[in-house]
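This report concerns only the one structure given below.
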Amino acid sequence: MTRSKLYFASDFHLGVPDYNSSREREEKIVRWLDMCSKDAKAIYLVGDIFDFWFEYKRAVPKGYIRLLGKLAELSDAGIEIHLFLGNHDMWMFDYLPKAIACQIHKGPIQIEENGVKMYVGHGDGLGPGDRGYKFLKKVFRNRICQWLFARLHPNFGIWLAQKSSNTSRNTTKKSDQYKGDENEWLAIYAKQVLEKEHFDYFIFGHRHLKLDIDLGKGSRYYNLGEWMTASNYAEFDGEKLHLKSFEA
């Protein structure tokens with residue numbers, strides 16, 4: 001079996017809006033992973049996989065057994081699994097790397113495959129504007145703040161975080177509108193990066209929009225969209241990147 005393709009997806013937001021719809025979405029994601037497993041060299045899950053995730057030292061959010069089991073199975077089969085911290089699940093620490101042998105990425109990374117350079121990240125906090133969230137992100141990533149939150153009982157802490165997550169998601173939903181190529185802040189950010197270094201592809205999530213924007217200079221920005229109302233993903237076949245929909 002030849003494993004040569006790279007797959008990318010983001011914004012599953014498992015856990016919302018209710019158990020049944022989240023469970024149905026999780027089963028669909030597992031079917032997608034089964035499809036990927038036939039020829040995948042690596043799978044990149046680019047943030048907000050869970051609508052909320054916080055690892056206490058001896059407790060983690062319950063559920064997601066089918067997804068985690070499938071990821072462990074693929075990892076055991078030799079497929080690289082990469083998880084990116086999103087704005088909803090940035091509190092991943094050492095549990096998942098140990099449980100499913102995945103790699104955790106706290107920010108954008110660079111990939112080079114067959115001479116093709118890719119810049120991959122969730123996308124939150126990048127580009128111009130959104131100063132309020134950028135400040136909150138620093139607070140949420142602060143180790144002292146994380147230690148203080150971990151002192152809360154999981155029943156209360158997880159409930160409180162889920163309420164906050166719902167507010168954050170509703171705020172994001174209001175901005176999930178296409179603003180035109182020239183106003184898309186991740187496209188602006190990508191162009192700023194291009195001034196220093198060339199990348200063939202920029203791959204982000206967070207926007208909940210399926211986007212393909214020509215940045216000029218032989219570079220493109222792709223946004224992976226989301227899986228709450230759609231099932232978008234990207235596939236790199238060794239030469240080009242393609243945006244696709246699963247079971248559309």
**Message:** Working note: M118 + F202, criterion side-chain contact (heavy atoms from CB on, under 4.5 Å); need CA distance, chi angles, decisive distance, verdict.
**Reply:** CA-CA 6 Å; M118 291 169 268; F202 289 83; over 6 Å; no
**Message:** Checking H82 against Y44 for the ring pair (Phe, Tyr, Trp, His ring centres under 6.0 Å) test, could you report, in this order, the C-alpha distance in whole Å, the side-chain angles of both residues, the deciding distance, and whether it holds?
**Reply:** CA-CA 5 Å; H82 298 260; Y44 295 82; 4.3 Å; yes
**Message:** For K5, is there an ion pair with D39 - N to carboxylate O distance below 4.0 angstrom?
**Reply:** yes
**Stepwise ring pair (Phe, Tyr, Trp, His ring centres under 6.0 Å) test for F84 and H122** = CA-CA 7 Å; F84 288 70; H122 183 61; 8.8 Å; no
**Item:** E239 CD: over 12 foreign heavy atoms closer than 6.0 Å
**Value:** no
**Item:** Ion pair check, K117 and E112, cut-off under 4.0 Å
**Value:** no
**Request:** Have a look at L83 and tell me which of I104, I43, D89 forms a side-chain contact (heavy atoms from CB on, under 4.5 Å) with it.
**Result:** I104
**Message:** Show, in sequence, the C-alpha distance, side-chain angles and deciding distance for F204 and L126, and conclude whether the side-chain contact (heavy atoms from CB on, under 4.5 Å) test is met.
**Reply:** CA-CA 10 Å; F204 295 116; L126 302 180; 3.7 Å; yes
**Asked** Which heavy atom of A187 sits nearest a heavy atom of L215, and at what distance?
**Response** O-CD2, 4.0 Å
**Prompt:** With sequence neighbours left out, what residues match F50 under ring pair (Phe, Tyr, Trp, His ring centres under 6.0 Å)?
**Reply:** W53, Y64
**Request:** Please test H105 against Q103 for side-chain contact (heavy atoms from CB on, under 4.5 Å), starting from the C-alpha separation and ending with a verdict.
**Result:** CA-CA 7 Å; H105 302 289; Q103 298 182 47; 4.0 Å; yes
**Message:** I'd like to know if R220 and D212 make a salt bridge, using a cut-off of under 4.0 Å between side-chain N and carboxylate O.
**Reply:** yes
**Item:** For the student: nearest non-hydrogen atoms of I188 and E182, plus distance
**Value:** CD1-O, 3.6 Å
**Full working for side-chain hydrogen bond (donor to acceptor under 3.5 Å, both in side chains) between S37 and D34** = CA-CA 5 Å; S37 69; D34 278 331; 4.7 Å; no
**Item:** Presence of salt bridge, E73 and K70, under 4.0 angstrom
**Value:** yes
**Message:** Would you say CZ of F246 has more than 12 non-hydrogen atoms from neighbouring residues, nucleotides or ligands within 6.0 angstrom?
**Reply:** yes
**Prompt:** Do you know the tightest heavy-atom contact between H13 and R25?
**Reply:** O-NH1, 2.8 Å
**Smallest separation among heavy atoms of I213 and E184, with atom names** = CD1-CG, 4.1 Å
**Asked** So, the side chain of N114 versus the backbone of G238: is there a donor-acceptor pair under 3.5 Å, distance only?
**Response** yes
**Message:** If we check side-chain contact (heavy atoms from CB on, under 4.5 Å) with L224, which of these qualifies: L45, N232, V46?
**Reply:** V46
**Request:** Answer whether the closest heavy-atom distance between the side chains of F236 and Y7 falls below 4.5 Å.
**Result:** no
**Prompt:** Is any side-chain heavy atom of I79 less than 4.5 Å from a side-chain heavy atom of R3?
**Reply:** yes
**Prompt:** Stepwise, does the side-chain hydrogen bond (donor to acceptor under 3.5 Å, both in side chains) test hold for H242 with D237?
**Reply:** CA-CA 8 Å; H242 307 273; D237 62 11; 3.0 Å; yes
**Message:** Using side-chain heavy atoms (C-beta onward) and a distance below 4.5 Å, is N87 in contact with D48?
**Reply:** yes
**Prompt:** Are Y222 and L241 side-chain neighbours, meaning at least one heavy-atom pair lies under 4.5 Å?
**Reply:** yes
**Request:** Could you pull out the closest heavy-atom pair between G225 and S10, with the gap in Å?
**Result:** O-OG, 3.6 Å
**Asked** Is K191 paired with E195 through a side-chain N to carboxylate O contact shorter than 4.0 Å?
**Response** no
**Request:** Tell me, yes or no, whether the heavy-atom count around E197 atom CD, taken from other residues, nucleotides or ligands under 6.0 Å, exceeds 12.
**Result:** yes
**Asked** Is the distance between the ring centroids of Y201 and Y119 under 6.0 Å?
**Response** no
**Item:** Test item: E55 side-chain N/O and Y95 main-chain N/O as donor-acceptor pair under 3.5 Å
**Value:** yes
**Fill in**
Taking every heavy atom of D200 against every heavy atom of G115, the minimum-distance pair comes out as OD2-O, 4.1 Å
**Passing candidate, ring-ring contact (aromatic ring centres under 6.0 Å, His included) with Y233, options F8, W32, W227** = W32
**Prompt:** Can K210 and E226 be counted as an ion pair, charged N to O under 4.0 angstrom?
**Reply:** no
**Asked** Short question: side chain of N223, backbone of G205 - any donor-acceptor pair under 3.5 Å?
**Response** yes
**Prompt:** Under a 4.5 Å cut-off applied to non-hydrogen side-chain atoms, are E247 and R31 in contact?
**Reply:** yes
**Asked** Is a salt bridge present between K41 and E80, judged by a nitrogen-to-oxygen distance below 4.0 Å?
**Response** no
**Message:** The test is side-chain contact (heavy atoms from CB on, under 4.5 Å); show your working for L67 and I49 and say whether it passes.
**Reply:** CA-CA 10 Å; L67 172 64; I49 305 308; 3.9 Å; yes
